[in-house]
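Everything on this sheet refers to the single structure shown next.
Quick note: numbers below take in every heavy atom, side chains included, and nothing from hydrogens, waters or symmetry partners. Positions are given from 1 along the sequence.
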Amino acid sequence: MDTPEGPPPQRLRTLPSRLTNQAAHTANRIVDQALGQAGVRRYHYALLAALEEYGPASQAALGRRTGIDRSDMVATVNDLAERRFLERAPDPDDRRRNIITITEAGRSQLTQLDRLLAAAQDDFLAPLPAADRRNLIDLLTRLVAHHGDKHG
């Protein structure tokens with residue numbers, strides 16, 4: 001028996017967890033498309049942003065700061081190093097690890113990515129006026145902060 005098309009049941013349409021998940025899927029698609037215009041992924045942006053904001057760091061420290069898994073971190077660092085967006089150098093305190101530093105080319109790339117992401121955020125939040133956007137960001141920030149300590 002075929003189920004008639006139409007909206008999902010009301011109890012599903014009003015579940016905050018479901019709505020958040022649906023919005024996240026849309027946001028991820030929009031962000032991935034925007035970053036794809038520059039030939040990068042979210043990990044690339046996260047790594048460049050962390051290096052620009054906090055300065056040189058080990059791959060392990062960058063992984064903890066950005067939430068990028070160790071195996072993904074190696075691939076991301078390799079890719080960005082090949083593009084000359086960052087440099088690796090042996091840590092003078094521990095020659096077994098590398099210190100990662102953003103380059104001027106990496107800073108320029110990050111500026112371009114910031115513009116692409118700003119446009120993506122505007123696209124995602126298009127139906128909301130400025131006050132609602134600020135309120136949404138505040139609410140999401142509070143939810144993430146509350147639950148981040150428990151599951152982060």
Side-chain angles (χ1 to χ4, degrees), residues 2-88 100-152:
D2 284 341
T3 304
E5 303 232 356
Q10 177 64 30
R11 62 176 43 135
L12 293 179
R13 291 192 310 258
T14 58
L15 285 174
S17 57
R18 184 173 186 271
L19 291 167
T20 303
N21 189 47
Q22 287 180 305
H25 281 295
T26 300
N28 287 335
R29 179 182 47 78
I30 291 169
V31 165
D32 288 345
Q33 288 172 346
L35 293 175
Q37 293 175 38
V40 300
R41 298 181 314 274
R42 283 180 265 161
Y43 282 169
H44 293 111
Y45 179 78
L47 188 54
L48 291 173
L51 287 168
E52 197 277 330
E53 185 168 337
Y54 297 107
S58 69
Q59 287 183 195
L62 287 166
R64 288 187 297 274
R65 184 172 295 277
T66 61
I68 299 173
D69 183 76
R70 184 183 342 197
S71 61
D72 292 325
M73 177 61 73
V74 170
T76 304
V77 167
N78 288 343
D79 191 29
L80 291 173
E82 286 175 18
R83 298 178 194 204
R84 302 193 193 303
F85 294 150
L86 57 78
E87 295 175 338
R88 284 179 283 220
I100 312 301
T101 305
I102 192 169
T103 63
E104 282 306 312
R107 289 181 201 285
S108 295
Q109 175 74 353
L110 184 58
T111 298
Q112 177 191 357
L113 297 178
D114 283 337
R115 284 193 296 269
L116 290 172
L117 282 178
Q121 301 309 301
D122 284 341
D123 183 20
F124 175 61
L125 298 173
L128 302 178
D132 286 349
R133 290 178 184 203
R134 287 188 301 273
N135 190 38
L136 177 64
I137 291 167
D138 176 61
L139 293 170
L140 291 171
T141 300
R142 288 167 36 201
L143 283 169
V144 168
H146 175 80
H147 294 291
D149 291 337
K150 296 176 184 174
H151 305 289

Checklist entry - Within the side chain of R84, is there an N or O that forms a donor-acceptor pair under 3.5 Å with the backbone of A105? => result no
Checklist entry - Is any side-chain heavy atom of L51 less than 4.5 Å from a side-chain heavy atom of L62? => result yes
Checklist entry - Can you check whether Q22's main-chain N or O pairs, donor with acceptor, with H25's side chain at less than 3.5 Å? => result no
Next on the checklist: Taking the basic N atoms (NZ, or NE/NH1/NH2) and the acidic carboxylate oxygens, is any pair closer than 4.0 Å for D32 and R42?
Outcome noted: yes
Item to check | Nearest heavy atoms of R41 and L35, plus distance in Å | outcome: C-CD1, 3.7 Å
Checklist entry - Is it true that R134 and D138 have a side-chain N and a carboxylate O under 4.0 angstrom from each other? => result no
Checklist entry - Taking all non-hydrogen atoms of both residues, which atom of L86 and which atom of V77 are closest, and how far apart? => result CD1-O, 3.8 Å
Checklist entry - At what distance, to the nearest 0.5 angstrom, does CG of L110 lie from CD of E53? => result 10.0 Å
Checklist entry - Taking it one step at a time, do Q121 and V31 satisfy side chain to side chain contact (heavy atoms under 4.5 Å, CB included)? => result CA-CA 8 Å; Q121 301 309 301; V31 165; 3.7 Å; yes
Checklist entry - Should L12 and L15 be marked as a side chain to side chain contact (heavy atoms under 4.5 Å, CB included) after you check the CA-CA gap, both sets of side-chain angles, and the distance that decides it? => result CA-CA 5 Å; L12 293 179; L15 285 174; 4.0 Å; yes
Checklist entry - Would D114 and R107 pass as an ion pair if we require N to O under 4.0 Å? => result no
Next on the checklist: Using 0.5 Å steps for rounding, measure from the OG atom of S58 to the CZ atom of R65.
Outcome noted: 10.5 Å
Item to check | Closest non-hydrogen atom pair between A50 and T66, with its separation | outcome: CB-CG2, 3.8 Å
Next on the checklist: Working to the nearest 0.5 angstrom, can you tell me the gap between R133 CZ and L128 CG?
Outcome noted: 6.5 Å
Next on the checklist: Which heavy atom of F85 sits nearest to which heavy atom of L48, and what is that distance?
Outcome noted: O-CD2, 3.8 Å
Checklist outcome for this item: Given the options L80, T103, I102, E87 meets side-chain contact (heavy atoms from CB on, under 4.5 Å) only with T103
Item to check | Heavy-atom pair with the smallest gap, counting every atom of Q59 and R88 | outcome: OE1-CD, 4.2 Å
Checklist entry - How many angstroms lie between atom CD of Q37 and atom CG of L113, to the nearest 0.5 angstrom? => result 10.5 Å
Item to check | Closest heavy-atom pair and its distance - A34, L116 | outcome: O-CD1, 3.5 Å
Item to check | Side-chain donor/acceptor of R70 to backbone N/O of G63, under 3.5 Å | outcome: no
Item to check | Between R115 and Q112: side-chain donor-acceptor atoms closer than 3.5 Å | outcome: no
Item to check | Rounded distance [0.5 Å steps], NE2 in H44 versus CD in Q109 | outcome: 9.0 Å
Item to check | L143 and L139: CA distance, side-chain angles, deciding distance, side chain to side chain contact (heavy atoms under 4.5 Å, CB included) verdict | outcome: CA-CA 6 Å; L143 283 169; L139 293 170; 5.5 Å; no
Next on the checklist: Return the CG to CG distance between L47 and D72, rounded to the nearest 0.5 Å.
Outcome noted: 11.5 Å
